[in-house]
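First the structure, in the form of structure tokens, and then the observations on it.
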Amino acid sequence: MTTYGQMKMQEEKVFKDPVHRYVHVRDQVIWDLVKTREFQRLRRIKQLGTTYLVFHGAEHSRFSHSLGVYEIVRRIIDDVFKGRPEWDESERLLVLCAALLHDLGHGPFSHAFENVFETDHEEFTRRILLEDTEVNAVLSRVAPDFPEKVAQVIEKTYPNELVVSLISSQIDADRMDYLQRDAYYTGVSYGHFDMERIMRVMRPRKNGVVIKESGMHAVEHYIMSRYQMYLQIYLHPVSRSAEVILNNILKRVKVLWAEGYQFKVQPKPFESFFGNNVTLEDYIALDESIMLAYFQFWMNEDDAILRDLSRRFVNRRLFQYQNLNPFDQPEVYSELRRLFTEAGYDPDYYFVHDSTSDLPYDFYRPGIEGTKKPIFLLMQDGEQSELSEHSQIVEAIAGRIKVDHKVYYPKELFEDKSVPQILRDEIRQLLKHI
């Protein structure tokens, strides 16, 4: 008798995809998961947050990315690993589900939202998998312990390291999809690499996926693509400006709510987040379409700071930026905060320090504690060796991106006639000589 976990659809379903051409679904479980409300919610969460305000094509969602990760894993295990003694076919559905659902708990504008409301998307991913949700109902039909196993793979606690490494390592399906997808939608060429070649030289081993030595140059290309994408897209200073404003909008709303401020339109969807008593239903119900609607409401609020910041975000009037590390130049930073206060611009909202170390991206850093497992080459003698020991290119750039510190502020201050000219000149001179 065929179990639910073994069921195949009578006719294969396909999603047309600009990156992988087609995403193929034959397993009934996968198709049922795609149709759940929690997975469909990912259509309303952008993959790159505020980056669309810099690269106007970057409107793609975590839904399309999740399908892409699933498709890469499906190709690896069905086309490359199948029949190899190191690969356990009984793990197939587990790793496909983990690939599809790995981003399930991301909130709207994930990074800024988590900063202000102290939520954890990984924890919410786990809760969506294990609590009373449509996703949990589908997974539980496979086996009572199946939702927990999927959660363990995503959390990297599952005992089979090979299964985990397909989703989370330095050359996993997650990265291979988002680099290509983000490059496609931002319109840049940096993120393209020969994924087909990399997949062909992947080999399953007990401690994770390894790469045949003959595929090293394809992996070098992948690492270089990653390096360029971090510099040119993920760490882009203007995108960070948009994130700073978004962060400050949410921070201001939270402060006003705590002070008992009467909003013209009550921010009902946010109240449990303000009060730190978020239910799973509250979390699932909130998406970027709701947040953008409230930004429109807040453009007409009586509070001048909230009104101004909301208008800036909606109408893309972003902050100017300047290199400044407050830890290297604390006196200059403190003096500028004082001058902004004197000019009537609250520095908590209008003179903001931001560093790339605060962003949720990383590059190739072999052997550093807390980072993902490094890439191992499978040598001709059967031994494994870490990539940067053989590649001069990778050795040269591994972990070399320095932390970038900037301060963000409204350039309109310098034309603001309500601020004395001498004060504006003093701020301008200080910024100029940093």
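All figures in this text were calculated on a predicted structure; none of them were measured in a lab.
Electrostatic pairing of Arg197 and Glu220 does not count as a salt bridge here, judged by no charged N lying under 4.0 Å from a carboxylate O. Using a 4.0 Å cut-off between charged nitrogen and carboxylate oxygen, Arg75 and Asp79 do not count as a salt-bridge pair. For the pair Asp308 and Arg312, the salt-bridge criterion is met [side-chain N within less than 4.0 Å of a carboxylate O]. The pair Glu342-Arg338 meets the salt-bridge criterion, with a side-chain N (NZ, NE, NH1 or NH2) lying under 4.0 Å from an Asp/Glu carboxylate O. Ion pairing of Asp302 with Lys264 is present here, as a side-chain N (NZ or NE/NH1/NH2) and a carboxylate O approach within less than 4.0 Å.
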When you look at Val34 and Leu100, which way does the side-chain contact (heavy atoms from CB on, under 4.5 Å) test go after all the steps? CA-CA 8 Å; Val34 169; Leu100 185 73; 4.0 Å; yes

I'd like to know whether Asp287 forms a side-chain contact (heavy atoms from CB on, under 4.5 Å) with Ile45, so could you lay out the CA-CA distance, the side-chain angles of the two residues, the decisive distance to 0.1 Å, and finally the verdict. CA-CA 6 Å; Asp287 58 42; Ile45 307 289; 4.2 Å; yes

Are Asp425 and Gln429 close enough, and set up right, to give a side-chain hydrogen bond (donor to acceptor under 3.5 Å, both in side chains), and what steps lead you there? CA-CA 6 Å; Asp425 289 344; Gln429 287 301 312; over 6 Å; no

From CA spacing to verdict: side-chain hydrogen bond (donor to acceptor under 3.5 Å, both in side chains), Asn207, Gln384: CA-CA 10 Å; Asn207 64 328; Gln384 296 180 26; 3.0 Å; yes

Salt bridge (Lys or Arg N to Asp or Glu O under 4.0 Å) assessment of Arg44 paired with Glu38: CA-CA 11 Å; Arg44 305 186 297 278; Glu38 296 86 16; over 6 Å; no

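In this model, a donor atom of one side chain and an acceptor atom of the other lie less than 3.5 Å apart for Glu386 and Ser388. Between the side chains of Asp177 and His20, a donor-acceptor pair is found at a separation under 3.5 Å. Looking at Asn276 and Glu118, their side chains never bring a donor and an acceptor atom within 3.5 Å of each other. Under 3.5 Å, the side chains of Ser272 and Asp282 contain a donor-acceptor pair of N or O atoms. Side chains of Glu71 and Tyr22: a donor-acceptor N/O pair is absent below 3.5 angstrom, by distance only. Side chains of Arg43 and Gln40: a donor on one and an acceptor on the other come within 3.5 Å. A donor-acceptor contact closer than 3.5 angstrom is absent between the side chains of Asp172 and Ser169. Checking Glu91 against Asn160 by side-chain atom types alone, a donor-acceptor pair falls below 3.5 Å. Of the N and O atoms on the side chains of Ser385 and Glu389, at least one donor lies less than 3.5 Å from an acceptor on the other residue. Between Arg226 and Gln170, the side chains place a donor N or O and an acceptor N or O closer than 3.5 Å (distance only, hydrogens not considered). Residues His106 and Ser110 bring a donor and an acceptor atom of their side chains to less than 3.5 Å of each other. A side-chain donor from one of His65 and His102 sits under 3.5 Å from a side-chain acceptor of the other.
Between Arg240 and the choices Thr50, Asn247, Asp354, Thr356, the side-chain hydrogen bond (donor to acceptor under 3.5 Å, both in side chains) rule is met once, by Asp354. A ring pair (Phe, Tyr, Trp, His ring centres under 6.0 Å) with His236 is found for one member of Phe55, Tyr321, Tyr230 and no other, namely Phe55. Screening Arg252, Lys251, Arg337 against Asp348 for a side-chain hydrogen bond (donor to acceptor under 3.5 Å, both in side chains) leaves a single residue, Arg337. For the ring pair (Phe, Tyr, Trp, His ring centres under 6.0 Å) criterion with Phe351, the lone passing option out of Tyr345, Tyr333, Phe319, Tyr408 is Tyr333.
The aromatic ring centres of Phe117 and Phe113 sit less than 6.0 Å apart. Under the 6.0 Å cut-off for aromatic ring centres, Trp298 and Tyr294 qualify, their centroids lying closer than that. Remark: aromatic rings of Phe295 and Phe297 are distant, center separation not under 6.0 Å. For Tyr409 and Tyr350, the ring centers sit 6.0 Å or farther from each other.
Below 30°, between 30° and 60°, or above 60°: for His405 and Phe327 the angle between ring planes is above 60°, a perpendicular geometry.
Using a 4.5 Å heavy-atom threshold, the side chains of Phe109 and Leu250 count as separate. Using a 4.5 Å cut-off on side-chain heavy atoms (C-beta onward), Val209 and Leu166 make contact.
Note that NZ of Lys46 is 11.0 Å distant from NE2 of His60, once rounded to the nearest 0.5 Å. If you take CZ on Phe263 and CD on Glu271, they are separated by 9.0 Å, rounding to the nearest 0.5 Å. Distance CZ/Arg127 to CG/Leu129: 12.0 Å, rounded to 0.5 Å.
For residues 415-424, there are no salt bridge (Lys or Arg N to Asp or Glu O under 4.0 Å) pairs, not counting sequence neighbours. Annotation: side-chain hydrogen bond (donor to acceptor under 3.5 Å, both in side chains) contacts involving residues 184-193, sequence neighbours excluded, are absent.
For Arg126, the side-chain hydrogen bond (donor to acceptor under 3.5 Å, both in side chains) partners are Glu148, Glu155, not counting sequence neighbours.
Within a 6.0 Å radius of NZ in Lys35, more than 12 heavy atoms belonging to other residues, nucleotides or ligands are found.
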